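Worksheet: one structure, shown below.
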Amino acid sequence: MFAFIIRRLLQSLIVMMAVAFISFSLFNFVGDPVNNMLGQEATEEQREALRQDLGLNDPFPVQFAAFLGNAVQGDFGVSYRLSRPVSDVLATRLPATLELVFVAAVLALVIGLPLGVYTGLHRHGFGSKVLLTLSLIGISLPTFLIGIVLILIFAVWLGWLPSFGRGDTVQIGWWTTNFLTVSGWKSIIMPAVTLCLFQLTLIMRLVRAEMMEVLRTDYIKFARARGLSNRAVHFGHALKNTMVPVITITGLQIGSLIAFAIITETVFQWPGMGLLFLQAIQFADIPVMAAYLCLVAFIFVVINLMVDLLYYAVDPRLRVERSGGGH
Amino acid sequence: MTDSTNDIIVTRSLWFRFSDGTRRFFDGDVFYSFKRSPVIMVAFFVTVTYFLLAFLAPWVAPHNTYDVITLNLMDAFKPPAWEAGGDPSYPLGTDDQGRDVLSTIMFGARVSLTVGFLSVLLAMVMGIVLGMVAGYVGGKTDAIIMRIADVQLSFPAILIVLLIDGFTRSVLPRGAHEDLALVVLVLSIGFANWVQFARTVRGSCLVEKNKEYVQAARVIGLHPALIMLRHVLPNVMSPVLVIATISLAIAILTEATLSFLGVGVPPTQPSLGTLIRIGNDFLFSGEWWMTIFPGAALVILVLAVNLLGDWLRDALNPKLR
C-alpha cells in the first residue's frame with residue numbers, strides 16, 4: 001500500500017514537472033519576452049538591463065528552477081492582453097468555472113444514475129431502447145450545437161432564460177457565487193445542461209453496463225434464492241456493487257468537464273477560465289496559457305491521485321492482484 | 001520458366017486471392033449482419049452519400065461558393081425556399097454574403113471530411129507503429145511508450161488540440177498560420193488521438209506474438225520489422241478498423257468544435273463548424289437557417305459514422321457471434 005502511494009505520488013510529480021516544462025518552454029522559446037515587454041523602440045542598454053533583471057542570462061536549469069519557484073507561489077507574470085497579474089485574473093475567473101462544473105456534475109449524476117439503473121434492469125423494454133438511441137444521438141451532438149439550439153429555443157424564441165453571462169452574482173470574500181440570486185440560477189441552467197449532457201449519457205451507459213454485469217453474478221442469484229424482494233436485490237445488492245467504477249469515472253470526468261467548459265463558456269460568454277484560455281490562444285497571450293495549463297494539470301493530477309487512492313482503498317480485489325505480482 | 005509466364009501466374013494467383021476474398025466477404029458474418037440491419041444500411045448509405053457529395057461538390061453543388069464573382073449581396077439573408085420570401089434557386093436559403101447555404105454545406109463537408117480523414121490516418125499510423133513496437137519489443141521501450149500514453153489519456157483530447165494550436169499560433173507568423181491552418185489542424189487532432197490505437201494494437205500484439213505463426217516466422221530468421229508488418233499487423237487490424245471509424249466521428253466533431261471556437265480552419269475555407277460559427281452571429285436576428293442546416297448536416301454525418309462504428313464493433317467481435 002505504502003509503496004503504491006509513493007509510486008503514484010512520484011508519477012504525479014513527474015507529470016507536473018513535464019507540464020511545467022512545457023509551460024516554461026512556451027515562455028522562453030515562443031517569441032522574445034523582452035520584446036513583448038519593452039516593445040520595438042527600447043535601446044540596447046534597456047534590453048540588457050531587463051534581460052539581467054528577468055534572469056534571462058542565467059543558465060537554463062537556473063531559469064527553470066526560478067520559474068518553478070514562482071509557479072509554486074502562483075506567480076505567472078503579467079498577462080500580455082489584459083496587463084494584469086495572471087494570478088489575479090485567474091482568481092476572478094475560477095469561481096465561475098467551478099460553479100458551472102459543479103452544477104453540471106450534479107445534474108449528470110442525479111439524472112444519469114436512475115436512467116442507467118432503469119435501462120440496466122429493463123434491458124429489452126421499449127423505454128430502454130428509446131433512451132439508448134437518444135444517448136447515441138447525444139454522443140453525436142457537439143456541445144456547442146446543443147448550446148446554440150438551447151439559446152435559440154429558450155432565449156430567442158421563448159425569452160425565458162438569459163443567453164449569456166452569469167447574471168447577478170454575490171461576492172463572498174474573493175469568491176463570487178451564482179447560487180444566491182434568481183438571475184444567477186436562471187443564467188446557470190442552460191450552460192450547465194449543455195455541459196452535463198455528454199457526461200450524462202456516459203454515466204447512463206456505464207451504470208447500465210455495470211448493472212447488467214452484476215446482475216449475472218452468483219451472489220445476485222443467491223440473494224434471489226433467499227427470497228429477497230426485487231427492490232432489495234436491485235438496490236441493496238446490485239446497485240451498491242456498481243458504485244465503485246461509477247464513482248471513479250465520475251471523478252475522472254470532472255477533469256474533462258473543466259476542459260469542455262472551454263466550449264460551453266464560449267457559447268454562453270460565461271466569464272470563466274475556459275473563455276479566458278480561449279481568448280489567450282487567439283491573442284497568443286502566453287502567460288495566461290501557461291498558467292491555465294499548469295492549474296488545470298494540477299487539478300487533473302490531484303483528482304487522478306484521489307480517485308486512484310479511493311479505488312485502492314475501496315476495492316480489496318485490487319490489493320490482492322497487485323501483491324500477486326504482474327499487472 | 002520465362003518471365004512472362006511467371007507474371008501470368010502471379011497475376012492469376014493475385015486474382016484468385018482477390019476473388020476469394022470478395023466471395024468470403026459476401027458470404028461472411030460481417031456482410032450477413034449488414035444485410036440484416038436496416039439502420040446500418042441507412043447509416044452506410046448516408047455516409048457514402050456525404051463522401052460523394054463532398055468530393056464532387058465543385059461539380060454537383062448548385063452554386064460555386066468560392067467564386068466571388070457569382071455572389072450578389074442582394075441575395076443575402078434569403079430564407080429557405082418554402083418560407084415566405086424564399087427563392088427556389090436557393091433551397092436552404094442564403095447567408096450574410098449571399099452564398100447558397102446548401103452549397104456551402106457541401107463545400108464545408110468537404111473540408112470537414114478531409115481534415116477528419118487525414119487526422120485519423122495520422123493517428124492510426126502513429127498508434128499502430130508505437131503500439132506494435134511497444135507490444136513486440138516490450139521491456140523499457142514498452143514502459144516508456146505506455147507511460148506517455150497514460151499521461152496523455154488523462155488529459156482530454158480537446159485540450160491537447162487547443163494547446164498545440166495555440167502553440168503553433170504563437171510560433172508561426174500570422175500569415176503563415178492562415179496558410180498552414182489545415183495542416184496544423186490535421187497534425188494536432190491526429191496527435192491527440194493516437195493513444196487509443198496504440199493501446200489496442202499493443203494489447204493484440206502481446207497476444208499474437210506468442211502464437212505459433214510468429215514463432216515460426218522468427219525461426220526462419222525474418223527481420224522483426226518484417227514480422228510485425230507482414231504477419232502481426234494483418235491479425236490486429238479488425239479492432240483498429242473499429243477504432244478508426246469511431247475516431248473519424250470524434251475527429252470531425254473536434255474539427256467542428258475548433259472551427260466554431262475560431263481556432264480551426266481559416267474563414268476562406270469554411271468547414272461545417274465555421275458555418276455554424278458564422279450563423280451563430282445571426283441567431284438573434286432570426287436567420288436560424290444559417291445555423292440549423294449546417295448543424296443538422298454535421299449531426300447526421302457524425303451519427304451515421306458513429307452507428308457504423310458501433311455496428312462494426314459488434315460484427316467484428318467474435319465473442320458476440
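Every chain is numbered from 1 and lettered A, B, ... according to where its sequence line falls, protein lines coming before strand lines. As the structure is a computational prediction, the values presented were derived from the model and not from experiment.
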Contact origin within Ala297(A) toward chain B - heavy atom pairs under 4.5 Å
both
Counting only heavy atoms not in Gln269(A), do more than 12 sit closer than 6.0 Å to its CD atom?
yes
Looking at Ile137(A), Leu152(A), Leu141(A), which has the largest count of heavy-atom pairs under 4.5 Å with chain B?
Leu152(A)
For Leu162(B) and Ile281(A), the nearest pair of non-hydrogen atoms, with its separation, is O-CD1, 3.5 Å
What part of Ile252(B) gets closer than 4.5 Å to chain A, counting heavy atoms only: side chain, backbone, both or neither?
neither
Applying a strict 4.5 Å limit to non-hydrogen atoms, the region of Asp310(B) in contact with chain A is side chain
Using a cut-off of under 4.5 Å for heavy-atom pairs, which of Leu303(B), Val299(B), Val305(B), Ile300(B) has the most such pairs with chain A?
Leu303(B)
More than 12 heavy atoms of other residues, nucleotides or ligands under 6.0 Å from CZ of Phe44(B): yes or no?
no
Which value, rounded to the nearest 0.5 Å, describes the distance between Leu293(A) atom CG and Leu159(B) atom CG?
7.0 Å
Under the side chain to side chain contact (heavy atoms under 4.5 Å, CB included) test against Leu145(A), which residue among Ile276(B), Asn280(B), Ile292(B) passes?
Ile276(B)
Below 4.5 Å from any heavy atom of chain B, which atoms of Val301(A) appear? Answer side chain, backbone, both or neither.
neither
How many angstroms lie between CG in Leu307(B) and OG1 in Thr133(A), if you round to the nearest 0.5 Å?
9.0 Å
Can you tell me which portion of Leu278(A) sits under 4.5 Å from chain B's heavy atoms? Options are side chain, backbone, both or neither.
side chain
Residue Thr266(A) versus chain B: region with a heavy atom under 4.5 Å:
side chain
If you tally heavy-atom pairs under 4.5 Å against chain A, which of Thr257(B), Ile158(B), Thr291(B) wins?
Thr257(B)
Dump the intermediate steps for side chain to side chain contact (heavy atoms under 4.5 Å, CB included) on Leu261(B) and Phe144(A), then the final yes or no.
CA-CA 9 Å; Leu261(B) 294 176; Phe144(A) 62 93; over 6 Å; no
Can you say whether Ala256(B) sits under 4.5 Å from chain A via the side chain, the backbone, both, or neither, judging by heavy atoms?
both
